[in-house]
A.B. asks: 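Here it is, the structure in full.
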Amino acid sequence: MNTKVTIAGVEFKNPVMVASGTFGSGQEYGEFADLNKLGAVVTKGVANRPWEGNPTPRVAETSSGMLNAIGLQNPGIDVFVERDIPFLQQYDTKIIVNVCGHSIEEYLDVVERLSDEKIDMMEINVSCPNVKEGGIAFGTRPDALFEITKEIKKKSKQPIIMKLSPNVTDITEMAKAAEAAGADAISLINTLTGMKIDIHRRCFALANKTGGLSGPAIKPVAVRMVYQCANAVKIPIIGMGGIANAEDAIEFMMAGASAVAVGMMNFHNPYATMEVVKGIEDFMQKEKIEDIKDIIGIVK
Amino acid sequence: MNTKVTIAGVEFKNPVMVASGTFGSGQEYGEFADLNKLGAVVTKGVANRPWEGNPTPRVAETSSGMLNAIGLQNPGIDVFVERDIPFLQQYDTKIIVNVCGHSIEEYLDVVERLSDEKIDMMEINVSCPNVKEGGIAFGTRPDALFEITKEIKKKSKQPIIMKLSPNVTDITEMAKAAEAAGADAISLINTLTGMKIDIHRRCFALANKTGGLSGPAIKPVAVRMVYQCANAVKIPIIGMGGIANAEDAIEFMMAGASAVAVGMMNFHNPYATMEVVKGIEDFMQKEKIEDIKDIIGIVK
Amino acid sequence: MSKKKESGIVISQREIADGIFDLWINTDISKTAKAGQFVGVYPANGAMLLPRPISICKVDKDNNALRLVYRVAGKGTLEFSFLKKGDRIDVLGPLGNGYPVDKACGKKVILMGGGIGVPPLLEMSRVLKDLDDNKKPSEVSIVMGYRNSQDFLADEFRENGQFYVATDDGSLGVRGTVIDALNKENIEGDVIFACGPMPMLRAIKKYAGEHNMEAYISLEEKMACGVGACLGCVVKTRDVDAHSHVKNARICTDGPVYDARDVEI
Amino acid sequence: MSKKKESGIVISQREIADGIFDLWINTDISKTAKAGQFVGVYPANGAMLLPRPISICKVDKDNNALRLVYRVAGKGTLEFSFLKKGDRIDVLGPLGNGYPVDKACGKKVILMGGGIGVPPLLEMSRVLKDLDDNKKPSEVSIVMGYRNSQDFLADEFRENGQFYVATDDGSLGVRGTVIDALNKENIEGDVIFACGPMPMLRAIKKYAGEHNMEAYISLEEKMACGVGACLGCVVKTRDVDAHSHVKNARICTDGPVYDARDVEI
Ligand SMILES: Cc1cc2nc3c(=O)[nH]c(=O)nc-3n(C[C@H](O)[C@H](O)[C@H](O)COP(=O)(O)OP(=O)(O)OC[C@H]3O[C@@H](n4cnc5c(N)ncnc54)[C@H](O)[C@@H]3O)c2cc1C
Ligand SMILES: Cc1cc2nc3c(=O)[nH]c(=O)nc-3n(C[C@H](O)[C@H](O)[C@H](O)COP(=O)(O)OP(=O)(O)OC[C@H]3O[C@@H](n4cnc5c(N)ncnc54)[C@H](O)[C@@H]3O)c2cc1C
Ligand SMILES: Cc1cc2nc3c(=O)[nH]c(=O)nc-3n(C[C@H](O)[C@H](O)[C@H](O)COP(=O)(O)O)c2cc1C
Ligand SMILES: Cc1cc2nc3c(=O)[nH]c(=O)nc-3n(C[C@H](O)[C@H](O)[C@H](O)COP(=O)(O)O)c2cc1C
Ligand code: FES
Ligand code: FES
């Protein structure tokens, strides 16, 4: 039984990763999940210098999901390189570093710093507000996405995953722009923009007013977008959005994802990643699937 | 205590409506809800001739929501005018007829037929596939939305509500296009496009592959869009997306909606509309709100 | 025939075959429920919002009780399987049209059920048995199909007519389908009332057509509202449907029981 | 201090004041739980996915049991209020740092709790009482604030130190806040351990600063993971935090208990 998948030349022991920002830098879930058993750890987004993030409240529960407006708080690339990468290197898993910035320059700063580090891939979060474009995210315009992808590809020594925002009219345009600019893979979906109001206090549930919606609530949107992109581009796709168990992971793979990531459901079930890894194996055994790659995009 | 709201000169006894397609033409829920107590009944979409709709399965449950791909099955405007409008006229409630079509001409056909009928408003569903533009919905491009709104406004004698699709990068552009073309109000949100795969049968859960996601799962997206539009246009907004109870309805109103509609939660609780009407009154009493209009857009 | 959504109270529940549960609920819906109708049962889990359509297996008007027999098929029915005496469970109903009992009058009737389509025919067999003499069928044959020797409800059927059984594995009765049983056991009749998986219903439609019999079959489709509002649960019809004005009828309201000739399955 | 998520079993539950519930759960988390720590309690309803942080009110290691006292504040706690003996309930913990018991050694200690901040101080008062003599505080004053005469847990506090009470409506003890009680009753001390609503904690921080006392306060914030991964639950800190490298600390892991001087509240 083969559970290995290869993305842009990087071989993962299985297709199960964690979604950026939901697993810290691996350490926090060390008591629940054996990092050695994960296909990859995807880190919280890191910027060229420390970011304070947003005021609290930063999180709010919604039906079968949650909103977050962490604001990409992070300790900056210096600390990250000194502390978080060495921590992850202790484990037999791949390391994917999620990168954020307010301008192309800030992204490139981080990408350059990471280029000589022993990490396996970078995932570029293009949902950050682009300060030069008045806060519009890089991830909502194909031309902006093309531009930033091209620049990053020039500097990076590791393969690049462009992480797409679902807050767009046509996700395939974004996927095609990333592919055309040389992205090695795409991951999707990032969070849907949402809002919650506390009617008794007459205020927003999040200090930031809006936040990113994640969890099982958004899974149908995520599966649809993975399917659409799988039919629009040739580069591999890492699927995420509400994955809670092996069935969900397999659903994304059947829709066309080569790998999957568990996000907010880690908060619901800290053992979720381990259960997904095990559950995929059980499913393969039961359905007599020799190679996990055989189910990628099987539903057409 | 005043629960009346006025939209484009039409006075509703309260802000509680039903979402198109979830309440038949009123008759089906007559055993559960007293139509006389509703602000308005919004009918299932009607086209210029009967539509067969999609093959089954047409519905699938998702976490805190559902997907539907009914495909706008409807008996056509002739039957509608003869049977459904007279039925609704028996009740002391406003009648809003939801209109669909595959081309501007098809929409105009229906609008003209309805212009001399005793209905209070029309709601134009621009999420239907536009056959001339290769199936792209009218509701995903501001120029197309402007165009269709303008044409409809020329023909219609009743005020027009343009119903916006959430599957867009920037909902405020759509709202502004509708307003600029003369729409009297907008309603939002229609469903988010989603997909579900049955991993055991290795097939799509819906015969149509994709479907529209509705229910509490999408409420945060809907509230966000209502808030954004309320800050972008001056025309009134009818808010919907996952409303299950009075708290949800009030949340939409505080975000900027002048009225609200209960959609798929009718399926969960056939008494939902009645409970929302009653619950809003209870809330007003408890919080000493004299006029429901005072809470519209109160959270800024 | 007024529908309502009610919080019923579990009277009892037990597993009567592997994964098949026999649930009695105290609910006023029993007052108007008829054979062949169904109810929508709501999971308590707030992430599962749609009612699960479950056929009525028995109505006990004296005790204000409904009996449902269901198979654990997914998350909703799994939740139901944990219900214990005294628990509350939300139920919507009665839904659908039910079997046309009057078609049995004076006829040789065959009741045919397969798998989890067996339960609704138990109530039907009881209703036929309890009819006034001038409305009774002349004969009732009951042919039920099971996977294996777990012939749930068989003993109760035996009280209501001549009982035949077919099993997939041949462990009881005729090996094969209920149609095989008809042939092997030379069961004859004028009218069939049936419920079961689609291949079985298709075979019955064909068989009835060939043998010049009437057949009333209970169909399944994914449902959302259960009351005819969403148009989720349609079946293709031979003729244009009076309500929809297209060749689609709503199984939840116009059905689930149809004259087999009227539907394209 | 290993965290785990476990399916605990309800030992008992009762309502000890209007909307305030006293819940005992059988769980291995009790083995390592300490005063001032909390657990994340998961609603069973699948639409509510995040754990509810609830402080540990008592640890009974002998019986492998944890006691939680909580107020019904919304849908999750409402669900918990229906739990009955024998029910299963998922719990994550122990979470957070707990009160720094060693700071009490030889000192005059004041325990201050307000509203639903009262419960965690019960375990703290028990721990202080049971300390070895060489680690014990020299004096323990317990000052609890309630809305009204429903002074839940008061009798148990009385067993563990000199007990004072303040009520909003003046129905018991001093009318006013716990700070009013300090002043009116001339309660003195070196170190405060506190939990309660933010205005109370701010007042305590100020009071302790003015009176040159140490104060360890337990903070609340909306949480998602409870284990330090999501950065949802931060509090502004005076200095740059060692983990985050910005002036934000995670209440769920670095807290909930902080030296009042270290946090900007
Ligand atoms: C008119 C009618 C009568 C029925 N009577 C019975 C009965 O007496 N006993 C019995 O065991 N089963 C019966 N079924 C099938 C039963 O409704 C499904 O097994 C049940 O809904 C599965 O729910 P779940 O949550 O366990 O499965 P899941 O697969 O988790 O359900 C997901 C969604 O799909 C729907 N769904 C899944 N399977 C079916 C199905 N076969 N038909 C319709 N909807 C489905 C569910 O209602 C739910 O909305 C009947 C179905 C219909 C339409
Ligand atoms: C460290 C800590 C210890 C606590 N200890 C106790 C205790 O011992 N007893 C007690 O009654 N309450 C305690 N609380 C508050 C308790 O967590 C909330 O009252 C509870 O989460 C409300 O959940 P709900 O589903 O009923 O409310 P809802 O408002 O429906 O909850 C919605 C979401 O907001 C979160 N939330 C709501 N209120 C709070 C709050 N005050 N703090 C943090 N999250 C909140 C919920 O966890 C949930 O994710 C504590 C909070 C924290 C942070
Ligand atoms: C608390 C939180 C923090 C997140 N932080 C990041 C981040 O730093 N970078 C990023 O690309 N995505 C971030 N995400 C998005 C997730 O990686 C993921 O794309 C999204 O949550 C959908 O997956 P899920 O539904 O499984 O959570 C964050 C999500 C959550 C819930
Ligand atoms: C079964 C179903 C049928 C629908 N049919 C229509 C329709 O005919 N016209 C339309 O404009 N919207 C239609 N909608 C969308 C709803 O009116 C509503 O905009 C959407 O479902 C979001 O609200 P909800 O989450 O409360 O259901 C339909 C939705 C459902 C669930
Ligand atoms: S389930 Fe809605 S029409 Fe039948
Ligand atoms: S709740 Fe996630 S870091 Fe504290």
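Naming convention: chains lettered A, B, ... in sequence-line order (proteins, then strands); numbering from 1 in each chain. Values below: every heavy atom of this structure, side chains too, minus hydrogens, waters and symmetry copies.
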A.B. asks: Taking 3.5 Å as the threshold, show me the donor-acceptor pairs across chain B and chain A, one per line with distances to 0.1 Å.
C.D. replies:
| unit_1 | atom_1 | unit_2 | atom_2 | d |
| --- | --- | --- | --- | --- |
| S64(B) | OG | S64(A) | OG | 2.6 |
| T169(B) | N | T169(A) | OG1 | 3.0 |
| T169(B) | OG1 | T169(A) | N | 3.0 |
| T169(B) | OG1 | T169(A) | OG1 | 3.3 |
| T193(B) | O | R224(A) | NE | 2.9 |
| T193(B) | O | R224(A) | NH2 | 3.1 |
| M195(B) | N | P220(A) | O | 2.9 |
| I197(B) | N | E251(A) | OE2 | 2.9 |
| K209(B) | NZ | Y227(A) | OH | 3.1 |
| P220(B) | O | M195(A) | N | 2.9 |
| R224(B) | NE | T193(A) | O | 2.9 |
| R224(B) | NH2 | T193(A) | O | 3.1 |
| Y227(B) | OH | K209(A) | NZ | 3.1 |
| E251(B) | OE2 | I197(A) | N | 2.9 |

A.B. asks: Tell me, side chain or backbone of I298(A) under 4.5 Å from chain B's heavy atoms, or both, or neither?
C.D. replies: side chain
A.B. asks: Grab the two heavy atoms, one from P220(A) and one from L67(B), that are nearest each other, plus how far apart they are.
C.D. replies: CB-CD2, 4.1 Å
A.B. asks: Checking heavy atoms, do the side chain of F283(A), its backbone, both or neither come under 4.5 Å from chain B?
C.D. replies: side chain
A.B. asks: Identify which of I171(A), V223(A), I197(A) forms the greatest number of heavy-atom pairs closer than 4.5 Å to chain B.
C.D. replies: I197(A)
A.B. asks: Mind listing the closest non-hydrogen atom pair of L213(B) and A217(A) along with its distance?
C.D. replies: CD2-O, 3.7 Å
A.B. asks: With a 4.5 angstrom heavy-atom cut-off, which part of I250(B) approaches chain A: side chain, backbone, both or neither?
C.D. replies: both
